[in-house]
2 protein chains.
Amino acid sequence: MARGFVTAEEVAKRAGVSRSAVSRTFTPGASVSQSVRRKVLQAARELGYRVNRLAQGLNNDRSNLIGVVGTNLSAPFISKQLDLLSIGLLRRGLQCLLLNAADARKDIAPLIELLFEFRAQAIVVLSGEPPSSIVDECIANGVRLILVNQRLDRTDTNMVLSDDSRGADLAALRLIAAKCKKVAVVSSGSQTPAQVRRATAFTQRVQTAGIEVVAWSDGPTSYESGYQAGCDLLRDKRIDGAFCVTDLLALGFLDAARIEMHRRVPQDVSIVGFDDIPQAGWKSYELTTIAQSLSALTDNVLVALGSDEPATRLQVVPVSMIERKTVR
Amino acid sequence: MARGFVTAEEVAKRAGVSRSAVSRTFTPGASVSQSVRRKVLQAARELGYRVNRLAQGLNNDRSNLIGVVGTNLSAPFISKQLDLLSIGLLRRGLQCLLLNAADARKDIAPLIELLFEFRAQAIVVLSGEPPSSIVDECIANGVRLILVNQRLDRTDTNMVLSDDSRGADLAALRLIAAKCKKVAVVSSGSQTPAQVRRATAFTQRVQTAGIEVVAWSDGPTSYESGYQAGCDLLRDKRIDGAFCVTDLLALGFLDAARIEMHRRVPQDVSIVGFDDIPQAGWKSYELTTIAQSLSALTDNVLVALGSDEPATRLQVVPVSMIERKTVR
DNA sequence: TAGATCATTGCGCACGTGTGCATTTTTTTG
DNA sequence: CAAAAAAATGCACACGTGCGCAATGATCTA
């Protein structure tokens, strides 16, 4: 009571029972008589006792901690993902140990190392690019690893990802239907695997349709980069369509087109994004985009966490096109 | 090696030393000879050993865990806050245990209870409304509590908050300078303490200037609520100014004004927001708003976490007006 | 070289909990 | 009411680590 937390020992003493009795009182399904249970609960309440989960995890070897690591946590799409995931974890009685990797490439590995030290039961990587070697380490230590929207070329870890190439296809088909003559593919300079998949799938599809394509990629994955892309690319008056591999990029591009470069959207230029972040639906934008199902993505992660033997290592979540007003 | 993690015991055996030697090798400043240290490190690397921080925390009583609890984690302002905070924590060697309170009022208390069970060293409340009683519990258990943008009427806990009334004043003065005749105050239905402070301070200042005020508040703190507010309020043609207590609300209001209610901004209606979220600076909006200094807010939280005896219980962070294009 | 100082090492306890095992108490059965 | 079955209870060990304490070995001083 003096300082720090109350221990089961103290509760036992006050209730006049053994420490085991206290432990059993708080262990569902253990064998305790009604009278003892009452006395223990009474004493526990008076002293403000709470089980020490760390000590609990020490001999259980169930820490109940799930490591979540990611970059760019305030980007709309990722923050929404984190929001849903953290709620889902809590519902299942799991705790979320959040590690923010400031630098996508260099920081991930040491952070996962750190999660090992905390004996995380499983690790979810939301963004950033983990080296393939950590998969082996996870397996060696019996830690389940779940990669979201990432694709490593191995079959011994869980991956949940949106159908990027299908999404890029949808975007391409839509721009083809809009009779675009020359289109741009805009991505960031970070070149994450997902962005690359989208860009290449789109390029391929559009090229086989005989449409001219120009690629742009620079800067972080942000509104500002998209804006810059718009300013750069639309000097070319022949460009009449654009696929931005991320909604943030698309919204920046859209603003550049309308405000800086005086284009009408969709009459002069058609634009398609990817993700369907909330801002894409705002009235000033009404962006036509490829929607990832955030709930499906999250549900799959939670399932992969829950099941003892993962049924499917690779979960591809379907995407869909949201028709709004930025394509002719 | 068979399953689970490697223990210091196993490393000791392989290196041919005592377990203490292993412990000391990984304890900075402990006394170990070069030769032993080398042998231990070698064995540790071969076996893939990592210290068990949970066990470490058990006798240190330093868990190194910081509980972070909040609502509405995907809202731009809060997600940015979380982003900065999680980076700052990591820099200081602290871990972030994230708890997402789905329901602002009911969930906070049990979540903090949970954090006690994990022996969190400190608890940061980013949003939501913790009952005053938990302050006592934190003190009783020696857990530091830090409330962000919240104000409890007590002096025995740490609070870091933006200068809401000053911000509201700035907004009011600006709208007065724009010669508004009738202004609206828009807030959400959740009526968080911060929102209430802003709304009342604004109302008071504007009323003493003899300007007519109408209040609106409903729904969650979202773009959509702001949009709804705009549609409702602007039926009244006499309203020529609005203060939205949150940028999200302001952006919705702005879109409603321009697109749905055919008002010119700022010629017909002047709008001021609060927070300065990234979207406020986007070219389609260029919202004039009151900026909270996110970095100052976060820094103060980190300082409050770090210092042993908190110098100031109540930290008020200054705000500033960002002049953009939505006020005449 | 003998004595003194200092670095290194191992033993054992402590942290707070869950649980197997043997023992005691209660309940059920015939 | 006696015997058997069942429930309740306490003891002691295990989980993995840090650290105080005493003992050992190495280095330095005169």
Side-chain angles (χ1 to χ4, degrees), chain A residues 1-41 43-44 47-65 116-121 141-142, chain B residues 1-41 43-44 47-65 116-121 141-142:
Chain A
M1 181 75 168
R3 183 170 302 268
F5 287 89
V6 179
T7 136
E9 186 81 49
E10 307 177 44
V11 175
K13 184 180 251 176
R14 182 177 188 109
V17 297
S18 77
R19 194 187 54 73
S20 302
V22 178
S23 175
R24 287 191 236 269
T25 300
F26 290 98
T27 304
S31 170
V32 210
S33 71
Q34 282 299 328
S35 71
V36 169
R37 156 169 257 113
R38 245 197 309 275
K39 280 191 289 185
V40 169
L41 287 177
L47 295 175
Y49 169 75
R50 5 228 156 199
V51 189
N52 184 335
R53 297 245 192 178
L54 302 181
Q56 223 172 346
L58 194 54
N59 56 1
N60 274 352
D61 88 16
R62 294 221 152 280
S63 67
N64 268 16
L65 293 176
F116 284 151
E117 297 185 359
F118 275 92
R119 297 300 186 262
Q121 276 181 21
N141 293 311
Chain B
M1 181 78 170
R3 182 169 302 268
F5 286 90
V6 178
T7 135
E9 186 82 47
E10 307 178 44
V11 176
K13 184 181 253 175
R14 182 177 189 109
V17 298
S18 76
R19 194 187 54 72
S20 301
V22 178
S23 176
R24 287 192 238 268
T25 300
F26 290 99
T27 304
S31 170
V32 211
S33 70
Q34 281 299 329
S35 71
V36 168
R37 157 171 254 113
R38 244 198 308 275
K39 280 191 288 184
V40 169
L41 288 177
L47 296 174
Y49 169 75
R50 4 231 156 197
V51 188
N52 185 335
R53 297 244 192 180
L54 302 181
Q56 223 173 340
L58 193 53
N59 55 1
N60 275 352
D61 87 18
R62 295 219 152 281
S63 67
N64 268 16
L65 292 176
F116 284 152
E117 297 185 359
F118 275 91
R119 298 301 186 261
Q121 277 182 20
N141 293 312

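Protein chains get the first letters and strands the later ones, always in sequence-line order, with residue 1 at the start of each.
- Rounded to an integer number of Å, the gap from B:Lys13 NZ to C:dG10 P is 15 Å.
- Contact annotation: A:Thr7 side-chain N/O to C:dT17 OP1/OP2 distance is under 4.0 Å.
- If you measure from atom CG of A:Asn141 to atom C1' of D:dG16, you get 15 Å, rounded to the nearest angstrom.
- Comparing C:dT17, C:dC15, D:dT17 against the side chain of A:Asn59 picks out C:dT17 as the nearest.
- Across the protein-nucleic acid pair, A:Glu9 atom CD and D:dA12 atom P stand 13 Å apart, rounded to whole Å.
- Out of D:dT9, C:dT8, C:dT17, the shortest distance to the side chain of A:Ala8 is found at C:dT17.
- Aromatic pair A:Tyr49/A:Phe5: ring centres not closer than 6.0 Å.
- Straight-line distance from the CZ atom of A:Arg53 to the C1' atom of C:dT17: 13 Å, rounded to whole Å.
- Residues B:Ser63 and A:Phe118 share a closest heavy-atom pair of O-CE2, 4.0 Å.
- Atom CD of A:Glu10 sits about 7.0 Å away from atom CG of A:Leu47, to the nearest 0.5 Å.
- Atom CG in B:Leu58 sits about 13 Å away from atom C1' in C:dC13, given to the nearest Å.
- Mapped onto DNA chain C by nearest heavy atom, A:Asn60 and B:Arg37 fall at different nucleotides, with B:Arg37 at the one closer to the 5' end.
- Taking 4.5 Å as the limit, some side-chain heavy atom of B:Leu41 sits within range of a side-chain heavy atom of B:Phe26.
- Comparing B:Thr27 and B:Ala55 by the nucleotide of DNA chain D whose heavy atom lies nearest to each, the residue mapping closer to the 5' end is B:Ala55.
- Looking at A:Leu58, A:Asn64, A:Leu65, A:Asn60 one by one, the single match for side chain to side chain contact (heavy atoms under 4.5 Å, CB included) with A:Arg53 turns out to be A:Asn64.
- Summarising the geometry, the separation between CD on A:Gln34 and C1' on D:dT9 is reported as 16 Å, rounded to the nearest angstrom.
- The nucleotide whose nearest atom lies closest to any side-chain atom of A:Val51 is, among C:dG16, C:dT9, C:dG18, C:dG18.
- Atom CZ of A:Phe118 is separated from atom P of D:dG16 by 17 Å (rounded to the nearest Å).
- Rounded to the nearest 0.5 angstrom, A:Ser18 OG and A:Glu9 CD are separated by 9.5 Å.
- OP1 or OP2 of D:dA8 sits under 4.0 Å from a side-chain N or O of A:Ser31.
- The side chain to side chain contact (heavy atoms under 4.5 Å, CB included) test applied to A:Val36 returns A:Val17, A:Ala21, A:Val32, A:Ser33, A:Val40, not counting sequence neighbours.
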Which pairs, protein N/O on one side and nucleotides 23-25 of chain C N/O on the other, fall under 3.5 Å?
none

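- Taking atom CG of residue B:Leu47 and atom P of nucleotide D:dG16, one finds them 14 Å apart after rounding to whole Å.
- A search for side chain to side chain contact (heavy atoms under 4.5 Å, CB included) contacts involving A:Asn59 returns nothing, not counting sequence neighbours.
- Using a 4.0 Å heavy-atom distance criterion, A:Arg24 is classed as a base contact.
- Here the straight-line distance linking atom CZ of A:Arg19 with atom CZ of A:Arg24 works out to 9.5 Å at 0.5 Å rounding.
- Applying the side chain to side chain contact (heavy atoms under 4.5 Å, CB included) rule to A:Arg50 yields the partners B:Glu113, B:Phe116, B:Glu117, B:Arg119, B:Glu137, B:Asn141; only residues at least two apart in sequence or on another chain are considered.
- Among D:dT9, C:dG18, D:dG18, the nucleotide with an atom closest to any side-chain atom of A:Val32 is D:dT9.
- If you check distances only, the side chain of B:Asn52 never reaches the base of D:dT17 with a donor-acceptor pair under 3.5 Å.
- Summary of helix geometry: the two end axes of the helix from C:dT1-D:dA30 to C:dG30-D:dC1, each defined by five base pairs via their C1' atoms, are inclined to each other by 30° (rounded to 10°).
- In this structure, the separation between CZ on A:Arg38 and OG1 on A:Thr25 is 12.0 Å, given to the nearest 0.5 Å.
- B:Tyr49 comes within 4.0 angstrom of sugar-phosphate atoms only, judged by non-hydrogen atoms across all strands, and of no base.
- The stretch residues 15-23 of chain B comes close to DNA chain D through B:Arg19, B:Ser20, B:Ser23, each having a heavy atom under 4.0 Å from the strand.
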